[in-house]
Amino acid sequence: MPLTANFNLYGTEMNNRYGTLASLVYTLDKPVGRSFGDVEYYQQRLGGTEGLILEPAVGNGRVYVPLLEAGFPVEGFDASDEMLGYCRDACAKRNLSASVTRQTFEDFAYDKSFAAVIIPAGSFQLITETASAIAVLRRFYACMAPGAKLMIDLDPIGSFFGPASSVRRWKTEAGDLLTLTDHRGETDYVAQTTLSYLRYELWRDGGLVASELDLFKLRWWGVDEFSMALQRAGFVDVVASGNYQHQRAPRNDDEVITFEAVRPA
Ligand SMILES: C[S@@+](CC[C@H](N)C(=O)[O-])C[C@H]1O[C@@H](n2cnc3c(N)ncnc32)[C@H](O)[C@@H]1O
């Protein structure tokens, strides 16, 4: 049975890898176009944007492909070859030209500037060191045109303290069974991170054919804390909105908080 784990040859941890089974599960669970209100919200907020849009951590193209279909000129990057593969396939199936590259939050570089940068689905929380997160915000700033808009979704803090374990299952197109066992292992209240152990398993005819282990680490942010981080990186006009209702202040029971900020002209 092929078993892959997220440690490199030197035994160093590699978090948030989105490998083969993780990417397959993501695509089965959140296919292109599956919306949590975000697909419509981002399209509406991006209306009238003049110039290129960037989606870092573009993944399988869940939000990216509908943006392309709606006529937005959008580019993306992602750390996972497997996720990018699903994105490129989805574009090819629709005769859309995919402008996506393999880059990471930590090392992305562009020799052009963007009129908007969007990060839906809480992907920014995958950057778990505070100093790295601020550095990434500064690098977004550097690749944005004056007056450009940055939009970032964050999960509310309460969502980090839900049930500590879960098991979910999916059927693949080929009829195989995929399971995901999620166990929250550690919570660091000082670093504001949770570390979960994710075990993906692919079953065929009752036998286990592949398994993948992932260490999944996320950082939570307070609303004011993140607004201040954006300001520290140079952004202005920071607005935090709850549940995709623009300018409606976040509430305790919101499922998502969207931050919008502007690179000053
Ligand atoms: C929750 S998915 C979001 C995908 C897509 N944006 C969406 O809205 O459905 C998170 C994505 O972040 C990517 N990712 C994780 N760590 C990353 C990093 N350091 N740099 C760039 N992308 C990363 C993963 O490969 C994955 O595709």
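Heavy-atom basis, side chains included; hydrogens, waters and symmetry copies ignored. When a ligand or atom number is given, it counts from 1 through the structure's own listing order. Counting from 1, the numbers follow the sequence of the chain as shown.
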Glu106 to ligand 1, any heavy atom closer than 4.0 Å
yes
Glu55 heavy atom under 4.0 Å from ligand 1:
yes
Under 4.0 Å between heavy atoms, the region of Thr104 that gets near ligand 1 turns out to be both
Under 4.0 Å between heavy atoms, the region of Phe105 that gets near ligand 1 turns out to be both
When distances are taken from atom 16 (N) of ligand 1, the protein heavy atom at minimum range is Asn16 O, 4.0 Å
task = Consider ligand 1: state whether an atom of it lies below 4.0 angstrom from any non-hydrogen atom of Tyr26.
result = yes
Q) Phe77 vs Tyr110 aromatic rings, parallel, tilted or perpendicular, using cut-offs 30° and 60°? A) tilted
| Are Glu106 and Ser132 linked by a side-chain donor-acceptor pair shorter than 3.5 Å? | no
Charged N-O contact under 4.0 Å between Arg219 and Glu225: yes
- Query: Would you call Arg94-Glu69 a salt bridge at under 4.0 Å N-O?
  - Reply: yes
The protein heavy atom nearest to atom 12 (O) of ligand 1 is Ala57 CB, 3.3 Å
Nearest non-hydrogen contact to atom 25 (O) of ligand 1 from the set Asp78, Val39, Asn15 belongs to Asp78
Among Thr27, Asp81, Leu126, closest by heavy atom to atom 15 (C) of ligand 1 is Leu126
* Would you call Arg62-Asp38 a salt bridge at under 4.0 Å N-O? -> yes
Notebook entry, point to check: Taking the six-membered ring of Tyr26 as reference, does the NZ or CZ atom of Lys30 fall below 6.0 Å from its centre and within a 45° cone about the axis?
Noted result: yes
